[in-house]
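Heads up, the thing below is written out as structure tokens.
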Amino acid sequence: MDLLNWLETTMGGEFIFTLLVSMIPVIELRVGIPFGVGLGLPYPVAFIAAVMGNILPAPFIIIYIRRIFQWLRSHFHRLDGMVDALENKAHLKGRKVNKYKYLGLLLFVAIPLPGTGAWTGALAAAFLDMPLRKAMPSIILGVILAGCIMTGLTHLGFNFFAAVMA
């Protein structure tokens, strides 16, 4: 059995596959939950895998992103524009978050729309100098709320398409 076959045909593989998909920036659990359910995971299992995958990168982003950006700038000058764009995005999103601090961060992460989520929330937290121990609870609760919203929307969507196809 090859790796891709294992990822697509066993519950453990489907769980890991969903977790990995949910770690990808922009995609996050907005795609991770429907992806996991589409693979065949029960809703609660897809929810847990996607939430775990979405949360895992956040502490590393908060702690290391400034150093990573600095290293990229010093070693790969062609990436300066991309790094500038990401920093500008963090500062723009940070303004929205900064007004309400940790509640703002929670709400920002909880809204499952493009440009929001754990990755951007962690980026904003890093550039707002929010301590990890204070930012992470907001990000975790935001991801859980986003997961609840996406699980509900996924359930509605799958039921709708099942009814249409019947």
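- Not counting sequence neighbours, K134 has no partner by the side-chain hydrogen bond (donor to acceptor under 3.5 Å, both in side chains) test.
- Atom SG in C148 sits 11.0 Å away from atom CG in L153 (nearest 0.5 Å).
- Of all the heavy atoms in G32 and V21, the pair that sits closest is CA-CG1, 4.1 Å.
- T120 is listed as a side-chain neighbour of F108, based on a closest heavy-atom distance under 4.5 Å.
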Anything under 3.5 Å between a donor and an acceptor, one on a side chain of residues 158-166, the other on a protein residue two or more places apart or in another chain? List them.
unit_1, atom_1, unit_2, atom_2, d
N159, ND2, H155, O, 3.4
N159, ND2, H155, NE2, 3.0

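- The two atoms that bring A58 and M136 nearest to each other are CB-SD, 3.9 Å, heavy atoms only.
- In this structure, P57 and M23 approach most closely via the heavy-atom pair CG-O, 4.0 Å.
- Atom CD1 of I140 is separated from atom CD1 of I144 by 7.0 Å, given to the nearest 0.5 angstrom.
- The environment of E8 atom CD is dense: over 12 non-hydrogen atoms of other residues, nucleotides or ligands sit within 6.0 angstrom.
- For the atom pair I139 CD1 and L105 CG, the distance stands at 5.0 Å (nearest 0.5 Å).
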Audit row: V83, F76, side-chain contact (heavy atoms from CB on, under 4.5 Å) steps and yes/no | CA-CA 10 Å; V83 171; F76 300 98; over 6 Å; no
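- Residue pairs meeting the ring-ring contact (aromatic ring centres under 6.0 Å, His included) criterion with at least one partner in residues 17-38, sequence neighbours excluded, are F17-F35.
- Closest approach of V31 to P34, counting heavy atoms only: O-CD, 3.3 Å.
- Hydrophobic clustering, with ILVMFWY side chains joined whenever heavy atoms are under 4.5 angstrom apart, keeps L145 apart from M150.
- Atom CG of residue L56 and atom CG of residue L19 lie 6.0 Å apart, to the nearest 0.5 angstrom.
- L107 and W119 are assigned to two separate hydrophobic clusters, defined by single-linkage of ILVMFWY side chains at heavy-atom distances under 4.5 Å.
- For E14 (side chain) and G36 (main-chain N/O), no donor-acceptor pair under 3.5 Å exists by modelled atom type.
- Using a 4.5 Å cut-off between side-chain heavy atoms of Ile, Leu, Val, Met, Phe, Trp and Tyr, with links allowed through other members, I55 and I16 fall into the same hydrophobic cluster.
- Annotation: side chain of H75 is in contact with side chain of W71 (closest heavy-atom distance under 4.5 Å).
- No side-chain donor-acceptor contact under 3.5 Å links S22 to the backbone of N54.
- Contact annotation: the side chain of T10 never approaches that of F15 to less than 4.5 Å [non-hydrogen atoms, C-beta and beyond].
- Residues I62 and F60 share a hydrophobic cluster, clusters being chains of Ile/Leu/Val/Met/Phe/Trp/Tyr side chains in contact below 4.5 Å.
- Side-chain atoms of V37 and Y43, non-hydrogen and from C-beta on, do get closer than 4.5 Å to each other.
- A126 and I65 make their closest contact through CB-CG2, 3.6 Å (heavy atoms, listed as atom of the first residue, atom of the second, distance).
- Side chains of M52 and T18 form no contact here, defined as non-hydrogen atoms less than 4.5 Å apart.
- Under a hydrophobic-cluster definition in which Ile, Leu, Val, Met, Phe, Trp and Tyr are linked whenever side-chain heavy atoms come within less than 4.5 Å, directly or via other members, I24 and L39 are assigned to the same cluster.
- Minimum interatomic distance between P42 and M11 (heavy atoms only, all atoms of both residues): CD-CE, 3.6 Å.
- Without hydrogens or angle criteria, W6 side chain to G12 main chain gives no donor-acceptor distance under 3.5 Å.
- Atom OH in Y102 sits 9.0 Å away from atom CG in L128 (nearest 0.5 Å).
- Using modelled atom types, one side-chain atom of T116 and one backbone atom of L113 make a donor-acceptor pair closer than 3.5 Å.
- Rounding to the nearest 0.5 Å places CE of M130 at 7.0 Å from OG of S138.
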Can you check side-chain contact (heavy atoms from CB on, under 4.5 Å) on F47 and T154, steps first, answer last?
-> CA-CA 11 Å; F47 172 87; T154 300; over 6 Å; no
